[in-house]
Amino acid sequence: MNETRCYFPEFIHHVNSFAEILSIRAKKTPDRVLFRYLNDGENESACMTYAQLDERARGIASHLLQVCQPGDRALLLFLPDLDYIAGFMGCIYAGVIAVPAYPPDPSRLAQTLPKLKAISDDAGAKIALSTRFILSFAKELFAAEPQLQKIQWAAIDDFPSVSAQHWPLPPLTRDHLAFLQYTSGSTGMPKGVMVSHGNLIENAAIIQAGFE
């Protein structure tokens, strides 16, 4: 007879948002490594604990809420590294809707910039989060697409971390929108899909059960 085992953590049935999950983990296992970045697919160049991500996310959220309201859209323009994770969770902590997008390729602006503009226009982005390195190419983007100058641009490298004692989580529910996921084919313009906190929580639980 096959045995069915459930690997869902007990608290997952009681949390209201994806932000709560990280906050709980940061309190229970603050020094446990959550992410490791392998810059060549094999060798670790950086890592991040639950507490480190929690504090970075709170710092980013604190800055976001100085210029945005919960529900506003924030473009995320990052390489696939730990900064992207921090930027995404910063939006989650602020109740600001993350809009992940690939940074435009300076050598292929004619192909990549129109897609970024289409995503920004469709989402109604108010701010773009990135790093100092990527934003150093912003002048080229503005020259090709002046409309992008209307968005506020910010480098998360400049945001200090904030502890839980100095910045509380916003009141979020599973029905609140967490992020907009844009996809497209090789020739079509991106189309957005709305993903809620409830969607994220259930998806994470299914992944955990599948991989034990």
Side chain to side chain contact (heavy atoms under 4.5 Å, CB included) with L75: which of I151, L180, L129?
I151

Which value, rounded to the nearest 0.5 Å, describes the distance between Y182 atom OH and D122 atom CG?
3.5 Å

T173 OG1 to E20 CD distance, which is reported to the nearest 0.5 Å
10.0 Å

For residues A94 and L65, report the shortest heavy-atom separation together with the two atoms involved.
O-CD2, 3.6 Å

Is any side-chain heavy atom of I60 closer than 4.5 Å to a side-chain heavy atom of Y93?
no

The reported gap from CG in L64 to CD in Q69 (rounded to nearest 0.5 angstrom) is 11.5 Å

Could you please spell out the steps behind the side-chain contact (heavy atoms from CB on, under 4.5 Å) verdict for T112 and Y102?
CA-CA 8 Å; T112 58; Y102 287 107; over 6 Å; no

Quick one: are S120 and K150 in side-chain contact, heavy atoms under 4.5 Å?
no

Between G59 and V162, what is the shortest heavy-atom contact and its length?
CA-CG2, 3.6 Å

Check whether N199 reaches the backbone of S196 with its side chain - one donor and one acceptor, N or O, closer than 3.5 Å.
yes

Ignoring hydrogens and geometry, is there a side-chain-to-backbone donor-acceptor pair from D157 to R132 under 3.5 Å?
yes

Spacing of NZ belonging to K126 relative to CD belonging to Q152, to within rounding of 0.5 Å
8.5 Å

To the nearest 0.5 angstrom, please state how far the OG atom of S130 sits from the CG atom of L79.
7.5 Å

Euclidean distance, N16 CG relative to I201 CD1, rounded to 0.5 Å
7.5 Å

Same cluster or not: are V33 and I24 linked, directly or through other Ile, Leu, Val, Met, Phe, Trp or Tyr residues, by side-chain heavy atoms under 4.5 angstrom apart?
no

Identify the two heavy atoms, one from A101 and one from L116, that lie closest to each other, and give their separation to 0.1 Å.
CB-CD1, 4.1 Å

Give the minimum heavy-atom separation between L77 and P103, together with the two atoms involved.
C-CG, 3.9 Å

Is any side-chain heavy atom of F179 less than 4.5 Å from a side-chain heavy atom of L200?
yes

Do the charged groups of D83 and R56 touch, with an N to O distance under 4.0 Å?
yes

Decide whether L169 and I85 are clustered together by the hydrophobic rule: side chain heavy atoms of Ile, Leu, Val, Met, Phe, Trp, Tyr closer than 4.5 Å, transitively.
yes

For H197, is there any backbone N or O sitting under 3.5 Å from a side-chain donor or acceptor partner on S17?
no

Is any side-chain heavy atom of Y37 closer than 4.5 Å to a side-chain heavy atom of M48?
no

Minimum heavy-atom distance Y84-P100, with the two atoms named:
OH-CG, 3.7 Å

Are the side chain of S62 and the backbone of R58 linked by a donor-acceptor contact shorter than 3.5 Å?
no

Within a strict 4.5 Å, meaning less than it, do heavy atoms of the V15 and R174 side chains meet?
yes

Full working for side-chain contact (heavy atoms from CB on, under 4.5 Å) between V99 and I119
CA-CA 8 Å; V99 185; I119 290 173; 3.6 Å; yes

Are there over 12 heavy-atom neighbours, none belonging to Q149, within less than 6.0 Å of that residue's CD?
yes

Which atom pair, heavy atoms only, marks the closest approach of C91 to A98?
CB-CB, 3.9 Å

Kindly work out whether a path of hydrophobic side-chain contacts (I/L/V/M/F/W/Y, heavy atoms less than 4.5 Å apart) joins M194 to L172.
no

Test item: L22 and L34 side chains (from C-beta on) under 4.5 Å apart, heavy atoms:
yes

